[in-house]
Asks: 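Take a look at this one; I'll ask things after.
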Amino acid sequence: MSRIDRRDFIKRVAAAAASTVAVPAMASAAGRSAEACAEVESAVVVPETAEREPQSRLIVPKADGLPITGAFLDEISHDIPHQNWGEKEWDADFRYMKAIGIDTVIEIRSGYRKFITYPSPYLLKQGCYMPSVDLVDMFLQLAEKYGMKFYFGLYDSGRYWDTGDLSSEVEHNKHVIDEVWEMYGSRYKSFGGWYISGEISRSTKGAIGAFRDMGRQCKEVSGGLPTFISPWIDGKKAVWAGSGDLTKEQAVSVAEHEREWDEIFDGIHDVVDACAFQDGHIDYDELDAFFEVNKRLADKYGMKCWTNAETFDRDMPIKFLPIKFDKLRMKLEAAKRAGYDKAITFEFSHFMSPQSAYLQAGHLYDRYKEYFDIK
């Protein structure tokens, strides 16, 4: 339908209105049919609406950040509520992830203390609880269905958090790594690698030896599949999650961070292929300085430099809610400027999924799609 200018439109509508009043009387007097009346009425021209669909009008360049292509699967957590999904909901979430370009999913951990994600013969003998569903098997099947790679996250007994000693994690995972590869690794093409799930920062006692032992075993049993870690930067926002504090005074400097992680990378680079530093513990104006160091160290030791783009907000006293889009955007843009190799996120299903229990998560998904121009 052609557009007409506003003044012409007003004239024509007025004329048409007069016609619709006059037509019935004229038709009756002249003996014209009702069809003739309808003909006159149909001559009224209705213009195209001047309104448009509401949309975000971005005033920053689109797609100027590193896109997220990997996501943790946080089914065993201790500070984020469960959504109690079954396979139907997980299948839908894999579809949502695939739609925005995610090609890698990472089980955050295969167990935490006594709760586990698969019927582990070894861990059940250690007093762990029997899970109602084999989540590892389900995730591997869904990864194959949607053409993704699945990284298996190692077991976390909780002893390290209680004692600062990583030796228990090494001992438990000696058994877990072997049985998981036997149960799933040789069966699924989607089994793409390993996540050494111990979260550390700076010079954690025994970290180099523990990561070397676990990384080496993962590679040996699986024929060299890749491994990665996701430590945190000991920045101003690296506070205990159970506290009401948002920042701390004693934060690592860029120089200290570089010196300490140079030592750690030197000790693990032959068995750990990538490092995805968590990006939420430093302020937004510190991103470039720390990211530049991370990339330089990774390049020095031949490791891939990923970013763990947290999609939950550390700047609020309520822990934890989906992050404001601009905060996520700034972090992804800094990762692109630094030349990072990949962006993964903790954690899509709670903080970015359209079917999350948090309404804000679906809105973050929509803003992300607009920014990266994903239809």
Side-chain angles (χ1 to χ4, degrees), residues 64-72 101-106 108 149 151-154 166 192-204 206-216 218-219 222 224-235 238 251-310 328 330-346:
D64 205 26
L66 187 65
I68 294 170
T69 55
F72 281 103
I102 289 175
D103 58 21
T104 307
V105 289
I106 308 113
I108 185 71
K149 289 297 182 184
Y151 278 67
F152 178 85
L154 301 188
L166 281 163
W194 307 85
Y195 170 53
I196 303 172
S197 61
E199 294 181 27
I200 66 165
S201 183
R202 308 179 71 170
S203 301
T204 302
I208 294 175
F211 280 15
R212 280 189 62 82
D213 290 345
M214 291 186 283
R216 183 186 296 111
C218 287
K219 284 187 162 296
S222 64
L225 286 182
T227 63
F228 84 97
I229 60 174
S230 187
W232 76 84
I233 299 170
D234 196 22
V252 70
S253 69
V254 176
E256 288 174 315
H257 175 76
E258 182 167 13
R259 182 173 61 253
E260 291 165 353
W261 279 97
D262 190 301
E263 178 184 356
I264 296 172
F265 281 9
D266 183 53
I268 66 173
H269 70 276
D270 56 336
V271 294
V272 175
D273 298 284
C275 180
F277 279 104
Q278 301 168 25
D279 70 1
H281 296 94
I282 54 177
D283 221 336
Y284 304 99
D285 55 9
E286 299 177 301
L287 291 167
D288 287 301
F290 279 96
F291 282 15
E292 181 183 339
V293 165
N294 296 342
K295 185 64 166 70
R296 182 164 64 247
L297 288 174
D299 288 347
K300 177 180 177 180
Y301 290 102
M303 299 169 64
K304 294 293 185 182
C305 189
W306 297 359
T307 188
N308 182 353
E310 294 179 341
L328 175 61
M330 287 190 289
K331 296 191 295 183
L332 294 175
E333 288 172 352
K336 184 177 180 179
R337 287 193 297 270
Y340 274 27
D341 299 296
K342 189 177 182 71
I344 63 176
T345 185
F346 184 88

Asks: For T227 and M214, what are the C-alpha separation, side-chain angles and deciding distance, and is it a side chain to side chain contact (heavy atoms under 4.5 Å, CB included)?
Replies: CA-CA 10 Å; T227 63; M214 291 186 283; over 6 Å; no
Asks: Which residues pass the salt bridge (Lys or Arg N to Asp or Glu O under 4.0 Å) test with D103, not counting sequence neighbours?
Replies: K342
Asks: Please identify each residue that fulfils side chain to side chain donor-acceptor pair (under 3.5 Å) with E286, with sequence neighbours left out.
Replies: none
Asks: May I ask you to decide if A309's main-chain N or O and T345's side chain share a donor-acceptor pair within less than 3.5 Å?
Replies: yes
Asks: How far does CD of E333 sit from CG of L328, to the nearest 0.5 angstrom?
Replies: 9.5 Å
Asks: Any chance you could measure I268, atom CD1, to I196, atom CD1, to the nearest 0.5 Å?
Replies: 7.5 Å
Asks: Do T104 and I344 have side-chain heavy atoms sitting under 4.5 Å apart?
Replies: no
Asks: Should L154 and C218 count as side-chain neighbours, where that means a heavy-atom distance under 4.5 Å?
Replies: yes
Asks: Test side chain to side chain contact (heavy atoms under 4.5 Å, CB included) on C275 and L297; report intermediate values, then the result.
Replies: CA-CA 10 Å; C275 180; L297 288 174; over 6 Å; no
Asks: I'd like to check the side chain to side chain contact (heavy atoms under 4.5 Å, CB included) partners of E199; sequence neighbours left out, ordered by chain and number.
Replies: R109, W161, Y195, W232, Q278
Asks: Among all residues two or more places apart in sequence or in another chain, which pass the side chain to side chain donor-acceptor pair (under 3.5 Å) test with K295?
Replies: D299
Asks: Taking the six-membered ring where the residue is Trp, are the ring centres of F290 and H281 under 6.0 Å apart?
Replies: no
Asks: Are E292 and R296 ion-paired here, with the side-chain N under 4.0 Å from a carboxylate O?
Replies: yes
Asks: What are the two closest heavy atoms between D279 and E310, and how far apart are they?
Replies: OD1-N, 3.0 Å
Asks: Under the side chain to side chain contact (heavy atoms under 4.5 Å, CB included) test, which residues partner M330, sequence neighbours left out?
Replies: Y284
Asks: Please enumerate all residues that pass side chain to side chain donor-acceptor pair (under 3.5 Å) together with D64, with sequence neighbours excluded.
Replies: none
Asks: Kindly write out the residues that satisfy salt bridge (Lys or Arg N to Asp or Glu O under 4.0 Å) with D234, not counting sequence neighbours, or none if the list is empty.
Replies: R202, K248
Asks: Between D341 (side chain only) and W306 (backbone N and O only), is there a donor and an acceptor less than 3.5 Å apart?
Replies: no
Asks: Between T307 and K331, is any pair of side-chain heavy atoms under 4.5 Å apart?
Replies: no
Asks: Who pairs with Y151 by ring pair (Phe, Tyr, Trp, His ring centres under 6.0 Å), at least two apart in sequence or on another chain?
Replies: F228
Asks: Looking at A207 and L166, what are the two nearest heavy atoms and their distance?
Replies: CA-CD1, 3.6 Å
Asks: On a heavy-atom basis, which atom in D273 and which in L225 lie closest, and how many Å separate them?
Replies: OD2-O, 4.3 Å
Asks: Hey, does W194 have a side-chain heavy atom less than 4.5 Å from the side chain of P226?
Replies: no
Asks: If you compare all heavy atoms of I102 against all heavy atoms of A71, which two are closest, and at what distance to 0.1 Å?
Replies: CD1-CB, 4.0 Å
Asks: Could I get the full list of salt bridge (Lys or Arg N to Asp or Glu O under 4.0 Å) partners for K300, not counting sequence neighbours?
Replies: D262
Asks: Could you pull out all residues at least two apart from V271 that satisfy side chain to side chain contact (heavy atoms under 4.5 Å, CB included)?
Replies: R212, R216
Asks: Angle class for the W261/F265 ring planes (parallel below 30°, perpendicular above 60°, tilted otherwise)?
Replies: perpendicular
Asks: To the closest 0.5 Å, what do you measure between OG (S253) and CZ (R259)?
Replies: 6.5 Å
Asks: Taking side chain to side chain contact (heavy atoms under 4.5 Å, CB included) as the definition, give me every residue that meets it alongside A334, ordered by chain and number, with sequence neighbours left out.
Replies: L287, D288, F291, R337
Asks: Not counting sequence neighbours, which residues clear side chain to side chain donor-acceptor pair (under 3.5 Å) with S230? List them please.
Replies: N308
Asks: Please report the closest heavy-atom contact between G235 and A251, naming both atoms and the distance.
Replies: C-CB, 3.7 Å
